Amino acid sequence: MRKTLALLPAALLLSLALIAQQTAVKPPLAKKVPKSSTIHGDTRVDNYAWLREKSNPEVLSYLQAENAYADEVMAAFESLRTKLYDEMLARIQQTDVNVPYRNGAWFYNSRTEQGKQYPIFVRQKSLDAPEEVVIDMNKLAEGQKFMSIGAFEPSDDGNLLAYTTDNVGYRQYTLHVKDLRTGEVLPDTAPRVDEVMWAKDNKTLVYTQENDVTKRPNLLYRHTLGSSGTDPVIYEEKDELYDLGAERSRSGDWIFVDSDSKTTNEERIIPASDPTAAPRVVAPRKADHKYYLEHRGDRFYIMTNDAGINYRVVSAPVADPQQKNWTEVVPYRKPVKIDAIDAFADHLVLRVREGGLAQIEALDFADRKINRVTFPEPTYALFGGANHDFNAAKYRYIYQSLVTPNSVYDYDMNAKTSALLKRTEVLGGFDPANYKSERIWATAKDGAKVPISIVYRRTVDPHGRNPLWLTAYGSYGSPTQATFNSNRLSMLDRGVVFAIAHIRGGGEMGKEWHEQGRMMTKKNTFTDFIAAAEHLVSEKYTSKDKLVISGGSAGGLLMGAVTNMRPDLFKAVVAYVPFVDVINTMLDPTLPLTTQEYIEWGNPNEKPAYVYMKSYDPYSNVKPQKYPSMLVRTSLNDSQVGYWEGTKWVAKLRANKTDDNPLLLKVNLGPAGHGGVSGRYDRLHDDAWDCAFMLWQLGLASRGVPDIR
């Protein structure tokens, strides 16, 4: 007897509906306009260079067509997206208050209110005093589709606030000053401001500014409140390989000015009590030497790589901090990478990394003993918290893991104990005991051991060839932290295993890990990821037909490279704001970040670097072959990676791929930046969209969430 449609399984009905839909929906095809360029005797033809013409109406029409196509394809999963969004929202304590921190005579904090996209920043004279609203981001965002706050710096006397805002998503911030006594926003302002700090007089601001073309911060200015005319330049960094940064010491006594490249830096100092003083160099820049300052009393404390790549700590007299006067405080320990130091009146805190895991060390200046804070889980994330009080005996840190929500601790440096102040509540019956995390190791093709962090529901057999979501980054020496994300529970609760590959190019295993995955060793990043994926398959965590991978920005480059190299290894790929047009971008010095990036990727104007870069450049290496299903996200106003990179990549993939797997491009055409939209509810909608795509590809689109009570 023939079955009726009403009796067919839901999954089959969904598949039939999708097949019918895809038959009717055709993807847009970008026109080809060949553009030739020759360098080092090599001629490249770019058929899609025209897509970089942001003001061209045809470009906007094409982007709109791609969005319409993606929405049509995903229309079959509208109910799933809604369900995922509702699940994600239901886990969030929408009205919530963070832990206050002390800055000067005030306690500062932020809180959220149900239905509002953005936090509200408040302060109190004491913890039981009435709160004052400092900035309500929801009011700042009225009439705007994007809002982000960069700097947030109260003056020493607590009367004024210097802050910066971006209402486009281009990560280009405008300086504002607010009188916290009256609520008045003063006329003092400046464009393209990165860092800003107050001098001790409560009326002088020191700030860094980006140039208006390449977004390289290169100028340091001084501004006196109420003054008119052009602010005087304190210092200009003229070397295009260097970014200029500045910060005020925790002690409040000094302004540190840092000229920083990927491999070398140079620090200058200005007394915060005399902001008109000329900046004084601590140690002249020297190739491959990096050092960073902290201050306490009559000495600077300096984190330096002069004795080894993973840093040691020295001190120097404030009166004459030249390198010849440096005295060792914490010796070089090859297995221990020092990530940062924080000086307090009685202690020096070191955030370190050993064996791929972050730790905290506190040195007591009284007895010179170091105590290390360790953590029990096999893989986790650790961050410094708000530590503004120089005289504090407690160090605030943030801990979380793949199973433990964001947790705020104070570490008592005298008692050597940690106290939990707040753990983010996850609603809906979440119990960390229902989940298990692991850290395993894959072997790269050259024998290097690559750590992998994993989490799954305890009801899942980890070696049962499960659907698995693997992500990684692997650039700039930046470690990919094993953080908690309540949205991820919608995947885990449907039986998906989540994994992070801590590949070379990142900083998980120390500075050497970065060095082995940049410049002329960059391909280690890609082969490490492939080795991690193959290990997860061979150990039966998953199988090739159940493996989804994702990465963003430089992690999007990773997605493009490994997809070209091993398209057979992955079921689906999700690439966020992907840096995939490597050669063309790195040959254009007018783009943001290009020249500074020569020390991370290489300079393609030099033939060896060009040849090596071209050998892995995702856009250059697209060819006729079968590709996995793919979702690519990009933003029209992204300042870090141009929207055209992902767009051109998709256009070339669509013209070359020999399969019928879906290839979707989602372009945020409104105000949004490198990190996507700014509102918390808007982000949930995007996350639900992406998870629906992955669940579809993993064959789980019709699977409900199990009862976890």
Side-chain angles (χ1 to χ4, degrees), residues 339 353 355-358 375 377-383 398-406 432 435-444 448-457 460 462 466-492 496-510 513-514 516-517 524-539 541-542 546-559 561-562 569-576 578 687 690-691 694 698:
D339 284 332
R353 184 170 290 275
L357 296 175
F375 304 92
E377 295 186 84
T379 183
Y380 55 84
L382 187 66
F383 308 94
I398 315 297
Y399 175 89
Q400 54 183 287
S401 76
L402 296 173
V403 299
T404 302
N406 192 72
Y435 305 88
K436 182 179 180 181
S437 66
E438 301 179 15
R439 189 168 68 138
I440 63 173
W441 301 80
T443 302
K449 298 296 183 182
V450 179
I452 307 172
S453 296
I454 302 175
V455 63
Y456 50 87
R457 281 189 61 86
V460 169
N466 303 287
L468 189 144
W469 172 13
L470 175 65
T471 189
Y473 184 70
S475 289
Y476 301 107
S478 178
T480 304
Q481 303 268 24
T483 56
F484 183 85
N485 187 333
S486 64
N487 296 344
R488 192 186 298 139
L489 299 175
S490 289
M491 303 293 283
L492 300 181
V496 177
V497 176
F498 176 75
I500 303 168
H502 303 285
I503 53 182
R504 281 178 287 185
E508 289 86 343
M509 302 292 288
W513 209 239
H514 176 213
Q516 293 171 22
N524 283 337
T525 300
F526 316 133
T527 54
D528 281 5
F529 185 86
I530 289 170
E534 289 177 331
H535 183 73
L536 291 166
V537 170
S538 67
E539 292 298 309
Y541 283 91
T542 189
K546 296 180 180 180
L547 178 56
V548 171
I549 62 173
S550 72
S553 194
L557 161 64
L558 169 68
M559 294 298 100
V562 300
L569 187 53
F570 316 112
K571 171 63 177 174
V573 180
V574 181
Y576 297 97
D687 285 352
D690 299 346
C691 285
M694 289 188 281
L698 292 170

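Predicted model, so just to flag it, every value in this text is computed and none were measured.
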* Would you please test Leu402 and Ser453 for side-chain contact (heavy atoms from CB on, under 4.5 Å) and show each step? => CA-CA 8 Å; Leu402 296 173; Ser453 296; 4.0 Å; yes
Heavy-atom side-chain proximity of [X] to [Y] below 4.5 angstrom:
X      : Y      : value
Lys436 : Val455 : no
Arg353 : Pro479 : yes
Tyr541 : Ile454 : yes
His535 : Trp441 : no

Taking every non-hydrogen atom, the tightest pair across [X] and [Y]:
X      : Y      : value
Tyr380 : Ala358 : OH-O, 2.6 Å
Ala575 : Met559 : CB-CB, 4.2 Å
Ala554 : Ser475 : CB-OG, 3.5 Å
Pro378 : Leu357 : O-CD2, 3.8 Å
Ser553 : Tyr473 : CB-CE1, 4.5 Å
Val450 : Ala444 : CG2-CB, 4.2 Å

For the atom pair [atom1] ([X]) and [atom2] ([Y]), what is the distance rounded to the nearest 0.5 Å?
X      : Y      : atom1 : atom2 : value
Thr527 : Arg504 : OG1   : CZ    : 6.0 Å
Leu569 : Glu534 : CG    : CD    : 5.5 Å
Met491 : Leu468 : CE    : CG    : 10.0 Å
Leu470 : Phe529 : CG    : CZ    : 4.0 Å
Arg457 : Leu489 : CZ    : CG    : 9.0 Å
Ile452 : Glu539 : CD1   : CD    : 9.5 Å

* Might you work through the side-chain contact (heavy atoms from CB on, under 4.5 Å) test for Val497 and Leu536, ending with a clear yes or no? => CA-CA 11 Å; Val497 176; Leu536 291 166; over 6 Å; no
* Asked: Do the ring planes of Trp469 and Phe498 sit parallel (below 30°), tilted (30 to 60°) or perpendicular (above 60°)?
  ->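 Ring orientation of Trp469 relative to Phe498: perpendicular.
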* Distance-only side-chain donor-acceptor flag, Thr404 / Glu377, under 3.5 Å ->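 The criterion, which ignores hydrogens and geometry beyond distance, is satisfied for Glu377 and Thr404.
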* Asked: Between Val574 and Tyr576, does a side-chain contact (heavy atoms from CB on, under 4.5 Å) hold up when you go through it step by step?
  -> CA-CA 7 Å; Val574 181; Tyr576 297 97; 3.5 Å; yes
* For the pair Glu508 (side chain) and Thr480 (backbone), establish whether a donor and an acceptor sit closer than 3.5 Å, ignoring hydrogens and angles. =>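 Present.
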* Asked: Has the side chain of Trp513 got a donor or acceptor atom that lies under 3.5 Å from a matching backbone atom of Ile503?
  ->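 Yes: the side chain of Trp513 pairs with the backbone of Ile503.
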* Steps toward side-chain contact (heavy atoms from CB on, under 4.5 Å) verdict (Gln400, Phe383) -> CA-CA 9 Å; Gln400 54 183 287; Phe383 308 94; 4.0 Å; yes
